[in-house]
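Below you'll find the structure, written out as structure tokens, and then a few comments.
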Amino acid sequence: PTGDYHSEKLPHFAPGLTRLGTDADMQQLERWKEMGLSLGQILGVVQRIMMRKRKRDPRPPGSFRYFSSAMREAAERDG
């Protein structure tokens, strides 16, 4: 893996938080990073998608895969 998201602090997202999701989610996060997306870009996509999702359904997604198509689009657009 190219990034250690298990120990990276996310203070602007959630103070003191070092990990979000399951091991499978962390693997998905690593794939997004390998696509060339920075942590800031990833969080931006998640925020944008969640703002739209909350209008339809307030429940959180079951996994990070929920964001995969938006991450691919961001990597193609910004990469």
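Remember, it's a predicted structure, so these values are computed and weren't measured experimentally. We're numbering straight along the sequence, starting at 1.
- Taking both residues in full, the closest heavy atoms of Pro60 and Lys53 are given as C-CE, 4.3 Å, listed atom of the first, atom of the second, then distance.
- Within the model, atoms CG of Asp25 and CZ of Phe67 stand 9.5 Å from one another, a figure rounded to the nearest 0.5 Å.
- Smallest separation of non-hydrogen atoms from Met71 and Leu37: O-CD1, 3.6 Å.
- Scanning all heavy atoms of the two residues, the minimum distance from Gln28 to Ser68 falls at NE2-OG, 3.1 Å.
- Gln47 CD to Met51 CE: the interatomic distance, rounded to the nearest 0.5 Å, is 6.0 Å.
- Counting non-hydrogen atoms of neighbouring residues, nucleotides and ligands closer than 6.0 angstrom, the CZ atom of Arg59 reaches no more than 12 such neighbours.
- Separating the OG atom in Ser63 from the CD atom in Gln27 is a distance of 11.5 Å, to the nearest 0.5 Å.
- For Arg48, the CZ atom is densely surrounded, since the number of other residues' heavy atoms within 6.0 Å is greater than 12.
- Phe64 and Trp32 have parallel rings, their planes meeting at less than 30° on a 0 to 90° scale where 60° marks the start of perpendicular.
- Atom CZ in Arg52 sits 14.5 Å away from atom CG in Asp57 (nearest 0.5 Å).
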